[in-house]
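Encoded as structure tokens, the structure appears first; notes follow it.
Whatever order the structure lists ligands and atoms in, that order sets their numbers, starting from 1. Throughout, numbering of the chain's residues begins at 1 and tracks the sequence.
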Amino acid sequence: MNKFSTDIKIGIDSIGFSTSKYFMDLKTLAKNRNVNLEKYYSGIGQKFISVFPHNEDTITIGFDAANKILTKYNSTDNIKLLLFATETGIDQSKSGAVYLHKFLNLSSDCRVIELKHACYAATAALNFAKNFVLANPEQKALVVASDIAKYEMHSVGEPTQGGGAVAFLISQNPRIAVIEPFSGVYTNEVMDFWRPNFKKEPIVFGQLSAQCYISALKKCTESYFKSSSLTIKDIDLYCYHSPFPKMVYKAHERVFENSESTCRQFLDDSLCYSKIIGNSYTASLYISLCSLLENANANFANKRVGLFSYGSGSIGEFFSIVLKDGYSNFLLKNQHDFLLSNRQEVDFETYCNFHKDEIIDGDIEQFCTVSNLTLKMIKNGARVYEFIK
Ligand code: CAA
């Protein structure tokens with residue numbers, strides 16, 4: 001068989017996500033910031049945000065997401081590429097992917113790397129993984145996208161914090177969805193959101209960033225429809241990067257204003273998780289995909305989902321997947337329901353403690369984690385993780 005044959009169907013074989021064990025209801029923030037709660041609940045569309053103790057980081061939650069899919073639906077056999085996408089990595093030089101490689105027990109001939117482009121890196125990883133499997137159809141690629149979104153205290157971005165990790169396995173003959181060969185990309189250098197090396201939290205021009213998101217969506221969809229020869233009628237469902245839910249509703253209305261009203265219900269389904277997790281940067285789009293597939297009361301077999309990825313700075317990509325027959329048998333709805341219904345609400349004081357910069361040397365205070373992996377200490381600048389027995 002020609003290994004570059006276009007008959008090979010490549011896509012998402014399994015997908016799972018994770019987030020913190022802790023969340024804050026935005027009514028707590030509204031009270032302490034003297035803001036009308038309706039601004040957060042309906043103006044921004046956010047109800048809760050995930051908040052993270054210092055012993056959870058993008059590695060521990062990334063591990064939890066990947067471990068879920070590997071335990072339930074895949075073995076580590078034939079995973080020869082691990083891509084770790086993040087903009088809130090733990091080191092300026094060492095790739096976070098090597099920690100995941102070790103904790104997941106992947107084989108030593110598996111190539112690993114960390115990728116960054118704001119919230120877009122997971123989509124770049126998806127593309128690289130697809131091309132890798134196209135060239136090596138018997139092999140698989142694991143993508144882990146993980147971010148913890150922290151804005152400055154008292155800033156307008158504060159109610160749009162959050163965090164989460166998603167893991168998906170890319171293979172031939174996937175069980176969940178096939179990735180289609182066309183997409184629309186739009187790159188445009190702009191200072192809407194960035195985090196210079198000396199800063200822990202990003203600098204953001206919120207209103208500008210929202211305009212950039214909408215412009216990128218317009219440009220990407222124009223280019224997608226042109227290159228695919230499809231029309232709006234061919235897209236059954238939509239999923240978006242969700243910095244905050246209202247952004248998604250606004251962008252969708254602006255670009256697809258004449259779309260069917262049923263889409264609105266499915267947009268709600270796609271945002272169920274992000275409404276209670278908050279922004280998870282590069283993981284966000286794919287957590288929205290889990291949300292749509294796991295919360296909609298419908299069978300979407302053979303339906304086309306249009307996905308919009310946006311990374312500040314900026315790049316956007318609109319692409320599509322087609323869902324497979326029986327896809328719902330391979331979701332992790334029960335595990336995700338368990339994760340989200342067993343979180344603990346924090347008070348304002350705990351939120352303020354979690355928000356402080358992590359210590360640079362010594363033991364890390366231990367809180368409950370979502371998996372049995374924890375960041376135990378930082379010793380001479382090295383992070384020491386431990387499996388809790
Ligand atoms: N009741 C109901 N609604 C109210 C209200 C009330 N009492 N008070 C205000 N609102 C509404 C406002 O009318 C507004 O709605 P519209 O946009 O529909 O007019 C909404 O609540 C927000 O109010 P403001 O515009 O006054 O909000 P703000 O200036 O405080 O900031 C924000 C909003 C710009 C989104 C800010 O939270 C922010 O900077 N967030 C971070 C940046 C971001 O998420 N950008 C998104 C695009 S960039 C991207 O996607 C990458 C990424 O992940 C960061």
Side-chain angles (χ1 to χ4, degrees), residues 24 26-27 29-50 58 85-88 116-124 145-166 186-195 199-220 239-255 257 270-271 273-275 277-288 307-318:
M24 178 170 67
L26 286 185
K27 70 178 181 224
L29 187 67
K31 189 169 157 224
N32 283 277
R33 297 289 179 247
N34 207 12
V35 168
N36 186 320
L37 178 57
E38 278 316 300
K39 174 172 177 181
Y40 295 163
Y41 276 9
S42 73
I44 284 172
Q46 195 67 44
K47 191 156 177 22
F48 305 153
I49 53 171
S50 284
T58 49
T86 186
E87 63 178 293
T88 50
K116 179 188 72 184
H117 183 131
C119 308
Y120 172 72
T123 300
S146 181
D147 271 312
I148 295 176
K150 269 185 176 179
Y151 290 89
E152 270 175 27
M153 292 283 222
H154 298 277
S155 69
V156 286
E158 203 178 6
T160 67
Q161 297 178 110
V166 71
Y186 176 70
T187 299
N188 176 36
E189 199 280 321
V190 64
M191 298 302 278
D192 60 336
F193 171 108
W194 70 103
R195 186 162 63 90
K199 272 187 80 52
K200 287 268 184 280
E201 287 108 14
I203 300 170
V204 57
F205 291 106
Q207 307 296 349
L208 172 69
S209 70
Q211 286 163 19
C212 292
Y213 179 112
I214 293 175
S215 307
L217 176 63
K218 273 191 188 141
K219 297 277 186 192
C220 290
C239 256
Y240 289 86
H241 164 58
S242 172
F244 54 96
K246 198 62 178 290
M247 179 78 247
V248 172
Y249 292 116
K250 262 193 188 172
H252 186 76
E253 262 164 36
R254 288 278 291 277
V255 177
E257 50 198 15
S270 77
L271 293 168
Y273 294 152
S274 70
K275 279 177 182 166
I277 287 176
N279 195 352
S280 53
Y281 290 162
T282 193
S284 163
L285 169 63
Y286 300 92
I287 292 180
S288 297
L307 296 102
F308 178 61
S309 180
Y310 177 74
S312 288
S314 67
I315 181 167
E317 181 163 353
F318 188 86

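In terms of protein heavy atoms, atom 40 (N) of ligand 1 is closest to T160 OG1, 3.5 Å. The protein non-hydrogen atom at the shortest distance from atom 39 (O) of ligand 1 is G206 CA, 3.3 Å. Protein heavy atom in closest approach to atom 45 (N) of ligand 1: S209 OG, 2.8 Å. Atom 51 (C) of ligand 1 has S312 OG, 3.4 Å as its closest protein atom, hydrogens excluded (heavy atom only). Counting protein heavy atoms only, atom 2 (C) of ligand 1 is closest to E38 O, 3.5 Å. Of all protein heavy atoms, the one lying nearest to atom 38 (C) of ligand 1 is G157 CA, 3.9 Å. Considering only non-hydrogen protein atoms, atom 29 (O) of ligand 1 sits nearest to Q207 NE2, 3.3 Å.
Within the set M247, K39, H241, the minimum heavy-atom distance to atom 10 (N) of ligand 1 is found for K39. Here the shortest heavy-atom distance to atom 46 (C) of ligand 1, taken over G313, P243, C119, belongs to P243. Comparing heavy-atom distances from atom 54 (C) of ligand 1 across F205, Y213, Y151, Y240 singles out Y151 as nearest. Selection from A216, G43, S314 by nearest heavy atom to atom 11 (C) of ligand 1 gives G43.
Ligand 1 places these atoms under 4.0 Å from at least one heavy atom of V204: 42 (C). Annotation for ligand 1: atoms under 4.0 Å from non-hydrogen atoms of S42 are 2 (C). Atom numbering of ligand 1 starts at 1 in the shown order; those under 4.0 Å from a heavy atom of F193 are 54 (C).
Ring geometry for H117 against Y120 counts as perpendicular: the plane angle is over 60°, on a 0 to 90° scale with 30° as the lower cut.
A donor and an acceptor atom, one from each side chain of D147 and T88, are located under 3.5 Å apart. No hydrogens or angles considered: a donor-acceptor pair under 3.5 Å links the side chains of T123 and Y286. For S312 and D192, the side-chain atoms include at least one donor-acceptor pair closer than 3.5 Å.
In this structure, atom 13 (O) of ligand 1 has no protein heavy-atom contact shorter than 4.0 Å. For atom 32 (C) of ligand 1, no protein heavy-atom neighbour is found at a distance under 4.0 Å.
Note that OG of S270 and NZ of K275 are 8.5 Å apart. Values are rounded to the nearest 0.5 Å. Here the OH atom belonging to Y213 is positioned 6.0 Å from the CE atom belonging to M247, to the nearest 0.5 angstrom. Between the CZ atom in F205 and the CH2 atom in W194 there is a gap of 4.5 Å [rounded to 0.5 Å].
In N279, the part holding a heavy atom less than 4.0 Å from any atom of ligand 1 is the side chain.
A salt bridge (charged side-chain N to carboxylate O under 4.0 Å, His left out) check over residues 200-220, counting only residues at least two apart or in different chains, returns nothing.
S288 contributes a side-chain N or O that, together with a main-chain N or O of S284, makes up a donor-acceptor pair within less than 3.5 Å. Between the side chain of Q46 and the backbone N or O of F48, at least one donor-acceptor pair lies under 3.5 Å. Not one N or O on the side chain of S146 forms a donor-acceptor pair closer than 3.5 Å with the backbone of A165. Distance alone, capped at 3.5 Å, is enough to place a donor-acceptor pair between the E87 side chain and the C119 backbone.
In this structure, K250 has a heavy atom closer than 4.0 Å to ligand 1.
Considering backbone and side-chain atoms alike, Y310 places every N or O at 3.5 Å or more from each N or O of ligand 1. An N or O contact shorter than 3.5 Å is missing between D192 and ligand 1 by distance. Geometrically, ligand 1 and V156 share a nitrogen or oxygen pair separated by less than 3.5 Å. Close N/O approach between Y281 and ligand 1 is not found [any backbone or side-chain N/O within under 3.5 Å].
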* To do: Go through L217 and Y310 one step at a time and tell me if the side chain to side chain contact (heavy atoms under 4.5 Å, CB included) criterion holds.
  => CA-CA 8 Å; L217 176 63; Y310 177 74; over 6 Å; no
